[in-house]
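The structure appears below as structure tokens.
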Amino acid sequence: MGAADETRDGVSLTNLDQPLFDGAGATKRDLVDYLDAVRDRILPGLRDRPLSVVRVRPGQDPFMQKNLPKYTPDWVRRTSVWAEASHRSISYALCDDRRTLLWFANQRAVEYHPTLGRAGHPEHPTQLVLDLDPPPGDSFGAAVAVALLVREALTEAGLAGAVKTSGAKGLHVIVPVADGTTAEDAAAATRALAARTERLDPALATTAFIVEDRGGRVFVDSTRAYGATVVAAYSPRIRPGTPVSYPVDWADLGAVRPADFTVRTVPALVAGRDPWVRALPEPQRLPADLVAEGRTIPVARVQAMHEGKRRAKARREAG
DNA sequence: GAAGAGC
DNA sequence: GCTCTTCAACGCGAC
DNA sequence: GTCGCG
Ligand SMILES: [Mn+2]
Ligand SMILES: [Mn+2]
């Protein structure tokens, strides 16, 4: 163990011997060393994409950071995006190099959530994502079963995807899409694929946006679309043991656990190889019938907001 | 982690 | 100078 | 500005 502070690639790194967060089983140094060790694997997924990060300190709640703080060094690349919610321009980082990654690590940025499209091109995502969220409990096996249903739906549509652990309890299926694919088409295709997955086994998979309506089934989340973010491959997560979102071969899905992949184990697994690059298929054009089907499916989220509003009103009136 | 307020 | 407090998100869209 | 959700 070295000094508590050091400088690396010109970036000051501080308090390296402090715990990363409660239950991390890792120090801030472990985070810095992990990200530096996998930088050539994680940076390609972050490069040129508006970045949100989740930062955390021991004893405190994690918080998501989008807008760069005033004190951010000027060598951090950034892009401005107007936010309707706060009526202001958000300055997003573009994490393109080692120095920026190390600076974020020193900020205790543990999770890295890039957008689906590149800076300046929110209307043209490079991939679509089916996010599989299992119900509470020990349900990773259910997520695996639903991932295989997603694969079936993809194959049926003439598409191919790659799968990775989310680092939490679920899985992400990623489908690279051809240049020129619009966000609208990608979102519609995502909804259609989620609906087809649910249809393949409605007892196992659901597209219900309201938690209460999921009934112990795996939520096939099609809302990772438009400006949404998805945690990057190789990003650590703020979960016990500091797991990492990690690629898995389809054939190996049944043989892994999310906890197999942590900031301690992953550097050795990626030495001399990039399993995410290897797993990702070529960008694909979305079948017209899939997109057309998706256009007929309402956005579950919107329905849920109205239902939520109705239920809240009912609660108030019940006293 | 860093800045600002208050001592 | 020190200690304490505060801050660090978004959008979907009808109502 | 709200609601549910990630
Ligand atoms: Mn998820
Ligand atoms: Mn989700």
Side-chain angles (χ1 to χ4, degrees), chain A residues 4-5 11-16 18 20-21 28 31-32 50-73 76 80-93 102-117 122 129-136 166-172 183-184 187-188 190-191 194 206-214 218-231 235 237-239 245 297-316:
Chain A
D5 292 5
V11 179
S12 295
L13 304 169
T14 55
N15 302 313
L16 293 174
Q18 288 182 359
L20 189 52
F21 56 87
K28 193 177 163 188
L31 175 70
V32 168
L51 181 69
S52 302
V53 296
V54 183
R55 298 171 54 192
V56 67
R57 303 171 59 72
Q60 296 181 15
D61 291 334
F63 60 93
M64 182 167 281
Q65 174 181 297
K66 292 176 178 288
N67 195 34
L68 282 170
K70 285 188 177 63
Y71 56 80
T72 306
V76 172
S80 288
V81 179
W82 181 258
E84 207 54 59
S86 51
H87 302 288
R88 61 173 179 160
S89 178
I90 305 287
S91 187
Y92 285 88
L102 289 171
W103 180 77
F104 270 118
N106 193 57
Q107 292 288 302
R108 292 177 175 271
V110 176
E111 303 191 1
Y112 295 76
H113 299 245
T115 55
L116 301 181
V129 180
L130 288 139
D131 169 27
L132 308 181
D133 295 332
S166 74
K169 288 171 43 188
L171 291 161
H172 296 152
E184 195 183 343
T190 305
R191 288 200 298 277
T206 178
T207 56
F209 192 73
I210 295 179
V211 171
E212 192 182 301
D213 297 339
R214 294 182 192 163
V218 176
F219 177 41
V220 184
D221 183 353
S222 61
T223 68
R224 310 290 91 204
Y226 298 107
T229 63
V230 176
V231 80
S235 171
R237 302 304 302 272
I238 300 168
R239 311 276 304 190
S245 177
I297 301 173
V299 178
R301 234 188 331 194
V302 174
Q303 201 68 37
M305 285 186 298
H306 301 316
E307 178 62 11
K309 197 162 184 168
R310 196 190 64 74
R311 291 185 192 183
K313 179 184 160 99
R315 273 197 304 275
R316 276 196 309 276

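Within every chain, numbering begins at 1; the chains are lettered A, B, ... in the order of the sequence lines, protein sequences first and strands thereafter.
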Would you say [X] reaches [N]'s phosphate, i.e. side-chain N/O to OP1/OP2 under 4.0 Å?
{"X": "A/R88", "N": "C/dC10", "result": "yes"}
{"X": "A/R57", "N": "B/dG1", "result": "yes"}
{"X": "A/R214", "N": "D/dG6", "result": "yes"}
{"X": "A/T223", "N": "D/dC5", "result": "no"}
{"X": "A/N67", "N": "C/dA9", "result": "no"}
{"X": "A/R301", "N": "D/dC5", "result": "no"}

Atom pair distance, as rounded to whole Å: [atom1] in [X] and [atom2] in [N]:
{"X": "A/Q60", "N": "B/dG1", "atom1": "CD", "atom2": "P", "result": "10 Å"}
{"X": "A/N106", "N": "C/dA8", "atom1": "CG", "atom2": "P", "result": "20 Å"}
{"X": "A/E84", "N": "D/dG1", "atom1": "CD", "atom2": "P", "result": "11 Å"}
{"X": "A/I238", "N": "C/dA8", "atom1": "CD1", "atom2": "C1'", "result": "13 Å"}
{"X": "A/Y112", "N": "D/dG6", "atom1": "OH", "atom2": "P", "result": "24 Å"}
{"X": "A/E307", "N": "D/dT2", "atom1": "CD", "atom2": "P", "result": "20 Å"}
{"X": "A/R237", "N": "D/dG6", "atom1": "CZ", "atom2": "P", "result": "12 Å"}
{"X": "A/H113", "N": "C/dC10", "atom1": "NE2", "atom2": "P", "result": "15 Å"}

With a 4.5 Å heavy-atom cut-off, do [X] and [Y] have their side chains touching?
{"X": "A/T190", "Y": "A/V129", "result": "no"}
{"X": "A/Y92", "Y": "A/T115", "result": "no"}
{"X": "A/V218", "Y": "A/D133", "result": "no"}
{"X": "A/V230", "Y": "A/L116", "result": "yes"}

Between [M] and [N] - [atom1] atom distance, rounded Å:
{"N": "C/dC7", "M": "D/dG6", "atom1": "P", "result": "27 Å"}
{"N": "C/dA8", "M": "B/dG4", "atom1": "C1'", "result": "15 Å"}
{"N": "B/dA2", "M": "C/dC10", "atom1": "P", "result": "22 Å"}

What nucleotide, of [options], holds the atom closest to the side chain of [X]?
{"X": "A/R108", "options": "D/dG6, C/dA8, B/dG1", "value": "B/dG1"}
{"X": "A/M305", "options": "C/dC12, D/dG6, C/dG11", "value": "C/dC12"}
{"X": "A/Q107", "options": "D/dG6, B/dA2, C/dA9", "value": "B/dA2"}
{"X": "A/D131", "options": "D/dC5, C/dA9, D/dG6", "value": "D/dG6"}
{"X": "A/Q65", "options": "B/dA2, C/dA8, D/dG6", "value": "C/dA8"}
{"X": "A/M64", "options": "C/dG13, C/dA9, C/dC10", "value": "C/dA9"}
{"X": "A/Y71", "options": "B/dG1, C/dA9, C/dG13", "value": "B/dG1"}

### Task
Could you check whether A/S52 gets within reach of a base, just the sugar-phosphate, or nothing at all, counting any heavy atom under 4.0 Å?
nothing
### Message
Categorize A/T229 for me: base, sugar-phosphate, or nothing, with a 4.0 angstrom heavy-atom threshold over every strand shown.
### Response
nothing
### A/D5-A/S12 side chain donor-acceptor pair, cut-off 3.5 Å
no
### Task
Would you check if there is a donor-acceptor pair between the side chains of A/R108 and A/Q60 at a distance under 3.5 Å?
no
